[in-house]
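One structure is given here, and the rest of the page talks about it.
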Amino acid sequence: MAELSQFSYEVAHLIGATVLMAGFQLLYQRRLFAVLNTFAFQALALAAAAAWQAHVQNAPHLYITAAIALVFKAIIVPGALHWLVEKLGIHRSVETAMSIGWTMMAGVALVALSILLVLPVTANAAALTRESLALAMSVILLGLLMMITRRNAVTQVVGFMALENGLILAAVSAKGMPLVVEISIAFSVLVAMTLFGIFFFRIRERFETLDLNDLETYRGDRQ
């Protein structure tokens, strides 16, 4: 039984770390389609994390969460963004507000901050829960960092959804989290995805670009 528990802990830790490393990979990518493919991989790892937590916690409802993450976040959302990029003729390279090296170092610092913040607060929780929540907080902060350091609107949307992946990872890692919370998170990101798509079309139609630098230049010209 102890060996089985240790095995469950190590597998959950490995899958959570895979979600986190995919967050770093998102920060590293310089091509838009590579960003979308990496996000799909992160969502796939998230689905695996939810399914494994369902097995470990004996919580069948988490299999529904895993299915939602697999179908919507790993397949439908990346596919829709691929279609938007092709349809709108968006520039495929990703421009950043700071160099990749500095961005990666900032990401490492945020992971360290997450560990320092989460572990003391969850001192009375199980080791698996504590480390999973620390990983989830790291994924959230890396998604926020991506939103801050990317100048293309599509990559900022991906950063938002990567942040939401961290929220789902935290939800499935905490025992007793009701299914309605996880479904509401998934529903909110689908609504946001729809709204983002509408705005993309309107912005592209009006300004013929989704690059934030060009939009800021246009705003300066208007002033």
Residues clustered with Ile75, ILVMFWY side-chain links under 4.5 angstrom: none

Residues Met104, Ile100; criterion side-chain contact (heavy atoms from CB on, under 4.5 Å); working and verdict: CA-CA 6 Å; Met104 299 296 283; Ile100 296 296; 4.0 Å; yes

Side chain to side chain contact (heavy atoms under 4.5 Å, CB included) partners of Leu117, counting only residues at least two apart: Leu113

Cluster overlap Tyr28 with Met146, hydrophobic side-chain contacts below 4.5 Å: yes

By side chain to side chain contact (heavy atoms under 4.5 Å, CB included) - contacts of Ile15 (at least two apart): Val11, Ala48, Ala49, Trp52

side-chain contact (heavy atoms from CB on, under 4.5 Å) assessment of Val158 paired with Gln29: CA-CA 12 Å; Val158 173; Gln29 296 293 346; over 6 Å; no

Ile115 with Leu133, same ILVMFWY side-chain cluster at under 4.5 Å: yes

Run the side-chain donor-acceptor check on residues 33-45: report pairs under 3.5 Å with partners two or more places apart or on a different chain.
from  : atom 1 : to     : atom 2 : distance (Å)
Asn37 : OD1    : His82  : NE2    : 3.3
Asn37 : ND2    : Phe33  : O      : 3.2
Thr38 : OG1    : Ala34  : O      : 2.8
Gln42 : OE1    : Asn165 : ND2    : 2.9
Gln42 : NE2    : Val19  : O      : 3.2

Set of side chain to side chain contact (heavy atoms under 4.5 Å, CB included) partners for Ala59, sequence neighbours left out: Gln57, His61, Leu62

Shared hydrophobic cluster for Leu142 and Phe160 (ILVMFWY, side-chain gaps under 4.5 Å): yes

ILVMFWY cluster, Leu169 and Leu14 together (side-chain gap under 4.5 Å): no

Those residues that, when tested against Val108, pass side chain to side chain contact (heavy atoms under 4.5 Å, CB included) (two or more places apart): Phe24

